[in-house]
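A quick write-up on the structure given underneath.
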Amino acid sequence: MSSIDQQQEMTQAETAAFFGRELLGWYDVVKRKLPWRINRDPYRVWVSEIMLQQTRVDTVIPYYERFMQRFPTVQALAEAPEEDVLKHWEGLGYYSRARNLQAGAREVVERYRGIVPDDAASVASLKGVGPYTAGAIMSIAFNRPEPAVDGNVMRVLSRFWLLEDDIAKPATRVKIEKLARSIIPEGRAGDFNQALMELGALVCTPKSPGCLTCPVMEHCAGRLAGREAELPIKTKAKPPRPEWRLGVVVEGSGEHAGRVLVRQRPDTGLLARMWELPHVLVPKDAEKRLRSGSKGAGGKEEAASEQEQASLADQLARMLHEEAGLLIRPLRHWTKAEHVFSHIHWHMDVFEADMPSHVSEASSAAPSDSGSAELGLVAETNGSYAGGGGELPAGYAWIGPEAMDTLAFPNLFLKLLQQHWGIKGRG
DNA sequence: AAGTCGGGGAG
DNA sequence: CTCCCAGACTT
């Protein structure tokens, strides 16, 4: 019979061999020089992979340089104060990564004498190390034939093998891991996994992939079917739920002049253990009544009226007193701040306020709720607070610009504080 | 399986 | 605007 069919059909093994050969040849030529590629120190690889979770290479590079300078070894990281680690993570997001990384470093010091174990199960058991990161460390640092399937790899393999599974589903990652494991070229696991990601980052991009410069385009099933643009298939994420919040810059007076009141967040949950400006959640049933900047009939933003701002300020003072025993005196509406997390959308109105005798008093009476639209009526005293040396509730502190070197703030509040003090962001 | 956890760059 | 990034953890 004619050999046309036999010559054009390739077995899975032949396709995999082609894919690995061409991809590695391409990678050897175009691979980027990145700071975590100067050697294969498992600790350096580990730190880079944690930082790179859901974070672009260009964003990570400066953080990585500073982090490795301050914490050059597993021991250095394990011994450091947690606040120091968080400070070096400031602005990078997903802050549990930093705390888990340090916890993992302490595990390595205690259980493995400071040496990252050349063992997949041991690495995978480290805090903050999931299937992807375990595979990345094992393959890149130790050249072990483990798959490292991230978003790039799922996209590349979905297109090349025309996989129509929904990559948003956890089961799909498991399936693609099996495929990825099966096509690792002998002896080149680390380069292959990095090449796969490099291709996804530089060529096989989410939108308008550069098929004409792709080293494996010739046998890409997605491309051959003219479907590369519709792959991978991924269901849409739910939009973040809106939350309206009232924040405040409380300016200190007397011995605290020039400082601002901040507080540390709880040990768990959103922005755990980070510092922030005080703020309160506007109850859902009060949103309509209190919300400013709502959309008018024409869909345009309407500025809050003086009365509305005063009402918001009154609500802020009352809630801060109820929740923290803090007595503040709102002075004026300062600014609005929008911040979007993956699951929450904050609409924040930020006020300026002072504390006439920088008082906090957990048992004092609530500020008067006269319903008045007038600002500046919330500083009722009950005579029980300590005149000049007012103590703050647990977790609260006065800080000036110089303290910004030691406390870690999420970007939202970092920017507000920098704006308040007229400081420029870091370069 | 679905929700929680940041922030920013690209189109 | 939308998408998604070298994902992990909790429920």
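These numbers come from the heavy atoms of this one structure, side chains and all, not from hydrogens, waters or symmetry mates. If you're wondering where the values come from, they're calculated on a predicted model, not measured in any experiment. In what follows, every chain begins at residue 1, and chains take the letters A, B, ... in the order their sequences are listed.
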Worksheet item: Across the strands shown, which category fits A:R273 at heavy-atom distances under 4.0 angstrom: base, sugar-phosphate, nothing?
Response: nothing
Discussion item. Can you identify which nucleotide, out of C:dA8, B:dG9, B:dG7, has its nearest atom closest to the A:R56 side chain?
Written reply: B:dG9
Discussion item. Can you tell me if A:R241 touches the phosphate of B:dG3, counting only side-chain N or O atoms and a distance under 4.0 Å to OP1 or OP2?
Written reply: no
Discussion item. I need the CD-P distance between A:E243 and B:dC5, as an integer number of Å.
Written reply: 10 Å
Worksheet item: Is there a side-chain polar atom (N or O) of A:K236 under 4.0 Å from OP1 or OP2 of C:dT2?
Response: no
Worksheet item: Just to confirm, is there a sub-4.0 Å distance from OP1 or OP2 of C:dG7 to any side-chain nitrogen or oxygen of A:Q54?
Response: yes
Fill in: OP1 or OP2 of B:dG3 under 4.0 Å from side-chain N/O of A:H343
no
Item to complete: Would you indicate whether the side-chain heavy atoms of A:L92 and A:Y64 approach each other to under 4.5 Å?
Response: no
Worksheet item: Which listed nucleotide (C:dC3, B:dA2, B:dG6) is nearest to the side chain of A:K169?
Response: B:dA2
Discussion item. Measure CZ/A:R97 against P/C:dT10 and give the value in whole Å, please.
Written reply: 16 Å
Worksheet item: With rounding to whole Å, what would you report as the distance between C:dC5 and B:dC5 at their C1' atoms?
Response: 15 Å
Worksheet, complete the sentence: Of C:dA8, B:dG7, B:dA1, the nucleotide closest to the side chain of A:N411 is B:dG7
Practice prompt. Could you check whether A:W346 gets within reach of a base, just the sugar-phosphate, or nothing at all, counting any heavy atom under 4.0 Å?
Written response: nothing
Discussion item. At 4.0 Å (heavy atoms only), tell me whether A:R32 reaches a base, stays on the sugar-phosphate, or touches nothing.
Written reply: base
Fill in: 4.5 Å side-chain heavy-atom contact, A:Y43 and A:V108
no
Worksheet item: Would you say B:dG7 has OP1 or OP2 under 4.0 Å from some side-chain N or O of A:Y95?
Response: yes
Worksheet item: Between A:R97 and A:Y95, is NZ or CZ placed under 6.0 angstrom from the six-membered ring centre and within 45° of the ring axis?
Response: no
Worksheet item: Can you check whether A:N152 has a side-chain N or O nearer than 4.0 Å to OP1 or OP2 of C:dA6?
Response: yes
Practice prompt. Please state the C1' separation for the pair B:dG3 and C:dA6 - nearest whole angstrom.
Written response: 23 Å
Worksheet, complete the sentence: Per side chain to side chain donor-acceptor pair (under 3.5 Å), A:W346 is matched among A:E338, A:H279, A:E243 by A:E243
Discussion item. Nearest to the side chain of A:P206, heavy atoms from C-beta on, is which of B:dA1, B:dG6, C:dC4?
Written reply: C:dC4
Discussion item. Reading DNA chain C from 5' onward, which residue's closest nucleotide shows up sooner: A:A237 or A:A134?
Written reply: A:A237
Worksheet item: 5'-most contact on DNA chain C: A:R37 or A:L126, nearest heavy atom basis?
Response: A:R37
Worksheet entry | Salt bridge present between A:E82 and A:R99 (N-O < 4.0 angstrom) | no
Discussion item. Tell me the interatomic distance from A:Y94, atom OH, to C:dC5, atom C1', rounded to whole angstroms.
Written reply: 9 Å
Worksheet item: Is any side-chain N or O of A:T55 under 3.5 Å from a base N or O of B:dG7, one able to act as donor and the other as acceptor?
Response: no
Practice prompt. Rounded to the nearest angstrom, tell me the gap between atom CG in A:N193 and atom C1' in C:dA6.
Written response: 10 Å
Worksheet item: Do the ring planes of A:F67 and A:W89 sit parallel (below 30°), tilted (30 to 60°) or perpendicular (above 60°)?
Response: perpendicular
Discussion item. How many whole angstroms separate atom CD1 of A:I233 from atom C1' of C:dC3?
Written reply: 16 Å
Practice prompt. Would you indicate which nucleotide in C:dC4, C:dG7, B:dG6 comes nearest to any side-chain atom of A:K234?
Written response: C:dC4
Discussion item. At 4.0 Å (heavy atoms only), tell me whether A:V129 reaches a base, stays on the sugar-phosphate, or touches nothing.
Written reply: sugar-phosphate
Item to complete: Calculate the interatomic distance between A:E338 atom CD and B:dG8 atom P; express it in whole Å.
Response: 15 Å
Worksheet, complete the sentence: Result for 5'-nearest mapping on DNA chain B, choosing between A:K415 and A:G269, is A:G269
Item to complete: Would you mind reporting whether A:W334 and A:L416 have side-chain heavy atoms less than 4.5 Å apart?
Response: yes
Worksheet item: When you compare C:dA8 with B:dG9, how far apart are their C1' atoms, in angstrom units rounded to a whole number?
Response: 23 Å
Worksheet entry | Spacing between A:E198 atom CD and C:dA6 atom P, to the nearest angstrom | 10 Å
Worksheet item: When all nucleic acid strands are considered with a 4.0 Å heavy-atom cut-off, which category describes A:R155: base, sugar-phosphate, or nothing?
Response: sugar-phosphate
Worksheet item: Heavy atoms under 4.0 Å, any strand shown: does A:L92 hit a base, just sugar-phosphate, or nothing?
Response: base
Discussion item. Students often get this wrong, so: under 4.0 angstrom with heavy atoms, is A:Y132 touching a base, only sugar-phosphate, or nothing?
Written reply: base
Discussion item. For C:dA8 and A:T133 - does any side-chain N or O of the residue sit under 4.0 Å from the phosphate oxygens OP1/OP2?
Written reply: yes
Worksheet entry | Touch class at under 4.0 angstrom, heavy-atom based, for A:S342 against every strand present | base
Worksheet entry | Side chain proximity check, A:L414 to A:M404, heavy atoms < 4.5 angstrom | yes
Discussion item. Can you work out whether A:L270 or A:K207 has the more 5'-proximal nearest nucleotide on DNA chain B?
Written reply: A:L270
Worksheet item: Does the side chain of A:H339 get closer than 4.0 angstrom to OP1 or OP2 of B:dG7 through an N or O atom?
Response: yes
Practice prompt. Would you indicate which nucleotide in C:dA6, C:dC9, B:dC5 comes nearest to any side-chain atom of A:N100?
Written response: C:dC9
Discussion item. If I take atom CD1 in residue A:I137 and atom P in nucleotide C:dG7, what distance separates them, rounded to the nearest angstrom?
Written reply: 13 Å
